[in-house]
Amino acid sequence: DGGYDVEAIRRDFPILGDLIYLDNAATSFSPEPVIAAMVEFEHRYRANVGRGIHRLTGIASQRYWHAHEKVADFIGGKDGVVVFTRNTTESVNMVAQGLPWKAGDRVITTILEHHSNLLPWRRLARQGVTTEIVGIGPDYQPDLAALERAVTENTRLVALTQASNVLGVVTPIREIAKICHDHGALLLVDGAQAVPHMPVNTEDLGCDFYCFSGHKMSGPTGTGVLWMKEACIEPAMLGGGMIETVTADGYTLSPGYQQYEAGTPNIAGGIGLGAAVSYLQAIGMERIHRYEAGLTDRLIAALSKNNRIHVYAPPDPARRIGVVSFTVDGFHPHEVALQLDEAADIMVRSGHHCCQPLVESLGLPEGTVRASLAYYNTRQEIDLLVATLDEITR
Ligand code: PMP
């Protein structure tokens with residue numbers, strides 16, 4: 001992509017300095033306009049939202065509401081409800097706690113899942129809800145035949161990730177949505193690793209719930225999103241800011257997202273998240289996707305040349321994101337990560353990546369080393385990672 005000016009983008013990220021940050025799947029960096037939007041709130045119009053009628057609350061409420069609109073537009077979800085949460089974990093838990101379960105209901109999920117898209121379902125066992133885990137094939141794709149067999153008439157919900165934070169594999173959500181809807185099951189998608197890297201359209205995907213983290217897409221920490229096709233869950237919390245009327249013995253909930261955001265929200269964070277959406281849209285998610293795919297292919301090809309490195313990457317370049325796991329013969333993953341930091345200022349993640357069942361099933365109980373890319377990384381950084389690993393394994 002000749003027009004992709006990564007150096008201009010990098011000027012918006014003073015934190016990059018001389019560091020090589022390849023841990024973007026854990027959390028990402030925010031560009032200056034995102035930080036500026038939060039500072040502007042503090043400097044100029046800090047006030048509570050959805051309460052009162054004075055000038056400052058008017059501005060704050062309008063901007064906070066508008067941030068929800070921007071997020072809805074970003075994920076093609078204008079007809080649904082965008083709720084601001086703290087992170088993906090909170091979004092998934094809100095659905096797990098908010099649906100009206102009954103004993104005998106089933107949830108189907110996959111071995112690819114992050115603990116955050118597994119434990120909330122497992123806990124429903126207390127209510128007599130069982131969870132079944134579908135495996136993956138040699139291409140790391142969920143076994144669709146097994147998934148289809150698992151979805152029975154008692155299946156209330158299928159919960160799976162759109163992109164794995166360990167293997168980088170992108171799953172076929174549209175096909176899975178069809179299976180779900182043919183059997184009357186709801187579909188929840190964990191988009192934590194998809195949204196930062198590719199265009200996402202929830203309505204095209206055909207899911208009922210879509211969860212992701214603002215902080216992994218250049219938004220502030222403490223921000224996340226729950227998108228729902230319909231406001232069909234019970235709010236987990238009750239209190240101020242989420243009701244239309246309260247009488248001595250009852251209440252009616254506000255329509256829309258407000259009913260799910262009880263209490264004073266993370267206003268600066270929400271506004272910062274809106275600014276992150278604008279920043280990403282200005283570059284373009286298609287372009288980001290293409291640019292990162294180039295870096296990913298380069299990284300996988302280069303790592304694969306070193307016979308002491310084992311790469312766990314999906315074979316189909318069209319079905320992966322820039323999350324690359326590998327192990328190095330004779331080194332614990334943590335040792336590799338420490339050496340990369342000490343020898344070359346390179347930050348990568350090591351360990352089980354909150355996916356213990358997955359790494360166990362891959363026969364890698366110590367986990368992997370994971371390099372995860374963002375739209376501000378460069379070829380030179382990839383090449384330096386590879387050169388340093390070649391050095392370590394020499
Ligand atoms: N799901 C996936 C696929 C993830 O990568 C992560 C973060 N590593 C999460 C869920 C949890 O995100 P958060 O910590 O922001 O709740």
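Sequential numbering from 1 along the given sequence is applied to the chain's residues. As the structure lists them, so they are numbered: ligands from 1, and atoms in each ligand from 1. All values below were derived from every heavy atom in this structure, side-chain atoms included, with hydrogens, water molecules and symmetry-related copies excluded.
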**Study point:** For atom 4 (C) of ligand 1, closest protein heavy-atom neighbour
**Key:** H114 CD2, 3.4 Å
Exercise for review: Give the atoms of ligand 1, by number and element, whose distance to some non-hydrogen atom of S213 is under 4.0 Å.
Suggested key: 12 (O), 13 (P), 15 (O)
Practice item. Say whether Y376 and S28, considering side chains only, have a donor N or O and an acceptor N or O under 3.5 Å apart. Key: no
Practice item. Run the contact test for H353 against ligand 1 with a 4.0 Å cut-off on heavy atoms, strictly below, and give the result. Key: no
Review point. Taking the six-membered ring for Trp, is the centroid-to-centroid distance between H352 and H115 below 6.0 Å?
Key: yes
Review point. How about Y312 and F326: are their ring centroids closer than 6.0 Å?
Key: no
Exercise for review: Answer with yes or no after comparing the ring centroid distance for Y260 and F84 against a 6.0 Å cut-off, counting only values under it.
Suggested key: no
Review point. Heavy atoms, side chains only, cut-off 4.5 Å: are N165 and C355 in contact?
Key: yes
Check your understanding: Heavy-atom contact under 4.0 Å between H215 and ligand 1?
Key -> yes
Exercise for review: For T89, take its heavy atoms, then give the atoms of ligand 1 lying under 4.0 Å from any of them.
Suggested key: 11 (C), 13 (P), 14 (O), 16 (O)
Review point. Touching ligand 1 at all, D190? Heavy atoms, strictly under 4.0 Å?
Key: yes
Point to revise | From I346 atom CD1 to L22 atom CG, the distance as rounded to the nearest 0.5 Å | key: 6.5 Å
Practice item. Over 60° means perpendicular and under 30° means parallel, so classify the ring planes of Y64 and Y257, tilted if in between. Key: perpendicular
Practice item. Would you mind checking which non-hydrogen protein atom is closest to atom 7 (C) of ligand 1, with the distance to 0.1 Å? Key: K216 NZ, 2.4 Å
Exercise for review: Please identify which atoms of ligand 1 are closer than 4.0 Å to at least one heavy atom of Q193.
Suggested key: 3 (C), 4 (C), 5 (O)
Practice item. List every atom of ligand 1 that sits less than 4.0 Å from any heavy atom of N165, numbering the atoms from 1 in the order shown and giving each element. Key: 3 (C), 5 (O)
**Study point:** Proximity of E90 to ligand 1 by residue part, where a heavy atom lies under 4.0 Å
**Key:** neither
